[in-house]
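Data first, discussion second: the structure below is written as structure tokens.
Being a predicted model, the structure only gives us computed values, none of them experimental.
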Amino acid sequence: QVQLVESGGGLMQAGGSLKLSCAASGRTLNWYAMGWFRQAPGKVREFVAAISRNGRSAYYADSVQGRFTISRDDSKNTVTLQMNSLKPEDTAVYYCAADFAGSGSTRAGDYDYWGQGTQVTVSS
């Protein structure tokens, strides 16, 4: 079992930056590929970013490519999502997810554990 807790969300003006963190407990994260997903009101959950177990490969949705950066620190059992140049359309609840023995999938169904989410609101 892995427990994931997200933090760092909040209200930000367009063009600003936020850094989300995901703290894991229960097992060491080096067994897991990690991902970030988001869900806006009335919309389906969508892929944002993923990182492989060794941290060498990262994957991004087209909508955040070049603005968001995912990283991991297995010594601290944490994953972060640095979000720059925020846009109002980035407003959503952001979820951290863990995929046991995965490689960095873009599909939510491949992930085994999820956090409760953190709200990000970007004002125009």
Side-chain angles (χ1 to χ4, degrees):
Q1 287 282 349
V2 175
Q3 293 77 43
L4 303 172
V5 178
E6 303 93 338
S7 61
L11 175 63
M12 178 57 64
Q13 288 188 331
S17 298
L18 281 173
K19 184 176 183 179
L20 304 184
S21 294
C22 174
S25 60
R27 293 191 70 172
T28 56
L29 279 186
N30 56 7
W31 289 99
Y32 298 85
M34 300 298 296
W36 286 95
F37 290 76
R38 67 187 181 187
Q39 187 166 16
K43 295 188 176 182
V44 299
R45 190 171 298 189
E46 65 174 2
F47 169 75
V48 175
I51 190 166
S52 61
R53 282 178 288 159
N54 61 15
R56 294 175 184 170
S57 298
Y59 309 91
Y60 299 94
D62 290 344
S63 59
V64 307
Q65 180 76 48
R67 299 188 298 121
F68 291 11
T69 302
I70 187 171
S71 60
R72 64 189 298 157
D73 186 341
D74 289 350
S75 68
K76 297 180 180 179
N77 246 23
T78 59
V79 178
T80 60
L81 184 69
Q82 178 67 46
M83 306 187 297
N84 299 328
S85 302
L86 283 163
K87 303 176 180 180
E89 50 263 44
D90 294 322
T91 295
V93 177
Y94 283 70
Y95 298 90
C96 174
D99 177 11
F100 180 73
S103 58
S105 174
T106 63
R107 299 180 300 185
D110 288 339
Y111 288 79
D112 304 292
Y113 301 100
W114 293 81
Q116 292 300 306
T118 185
Q119 176 70 47
V120 171
T121 303
V122 184
S123 62
S124 58

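Hydrophobic clustering, with ILVMFWY side chains joined whenever heavy atoms are under 4.5 angstrom apart, groups Val120 together with Met12. Both Tyr113 and Trp31 belong to a common hydrophobic cluster when Ile, Leu, Val, Met, Phe, Trp and Tyr are linked at side-chain heavy-atom distances under 4.5 angstrom. Phe47 is not connected to Leu81 by any chain of hydrophobic side-chain contacts under 4.5 Å among Ile, Leu, Val, Met, Phe, Trp and Tyr, and they are in different clusters. Hydrophobic clustering (side-chain heavy atoms under 4.5 Å, transitive across Ile, Leu, Val, Met, Phe, Trp, Tyr) keeps Tyr59 apart from Tyr94. A single hydrophobic cluster is seen to contain both Val2 and Phe100, as judged by linkage of ILVMFWY side chains at heavy-atom distances under 4.5 Å, directly or through other members.
Distance check: Gln119 CD to Leu11 CG gives 9.5 Å after rounding to the nearest 0.5 Å. Note: Arg53 CZ to Asp74 CG = 11.0 Å, rounded to the nearest 0.5 Å. In this structure, Ile70 CD1 and Met34 CE are separated by 7.5 Å, a value rounded to the nearest 0.5 Å. One finds the CG atom of Asp90 at 4.0 Å from the CZ atom of Arg67 (value rounded to the nearest 0.5 Å). Atom CG of Leu20 and atom CD of Gln82 lie 8.5 Å apart (nearest 0.5 Å).
Not one N or O on the side chain of Arg38 forms a donor-acceptor pair closer than 3.5 Å with the backbone of Glu46. For Asp110 (side chain) and Ser105 (main-chain N/O), no donor-acceptor pair under 3.5 Å exists by modelled atom type. In this structure a side-chain-to-backbone donor-acceptor pair under 3.5 Å is missing from Glu6 to Thr118. In this structure, Arg72 contributes its side chain and Ala33 its backbone to no donor-acceptor pair below 3.5 Å.
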### Query
Given the rule in the side-chain contact (heavy atoms from CB on, under 4.5 Å) test, do Val64 and Met83 qualify, once you have shown the distances and angles that lead to the verdict?
CA-CA 8 Å; Val64 307; Met83 306 187 297; over 6 Å; no
### Task
Start with the C-alpha distance between Phe68 and Trp36, add both sets of side-chain angles, then the distance that settles side-chain contact (heavy atoms from CB on, under 4.5 Å), and finish with yes or no.
CA-CA 11 Å; Phe68 291 11; Trp36 286 95; over 6 Å; no
### Task
Assess whether side-chain contact (heavy atoms from CB on, under 4.5 Å) is satisfied between Val122 and Glu89, documenting all intermediate values.
CA-CA 8 Å; Val122 184; Glu89 50 263 44; over 6 Å; no
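Aromatic ring centres of Tyr111 and Phe37: separated by under 6.0 Å.
Only one option out of Asp73, Thr78, Asn77 pairs with Ser75 in a side chain to side chain donor-acceptor pair (under 3.5 Å); it is Asp73.
Between Ser52 and Asn54 the shortest heavy-atom distance is OG-OD1, 2.9 Å. In terms of heavy atoms, Ser17 sits closest to Ser85 at OG-N, 4.3 Å.
Residues Thr80 and Ser71 bring a donor and an acceptor atom of their side chains to less than 3.5 Å of each other.
The side-chain tip of Arg45 points at the ring of Tyr95 from less than 6.0 angstrom away and within 45° of straight on.
Atom CD of Gln3 sits in a crowded spot, with more than 12 heavy atoms from other residues, nucleotides or ligands closer than 6.0 Å.
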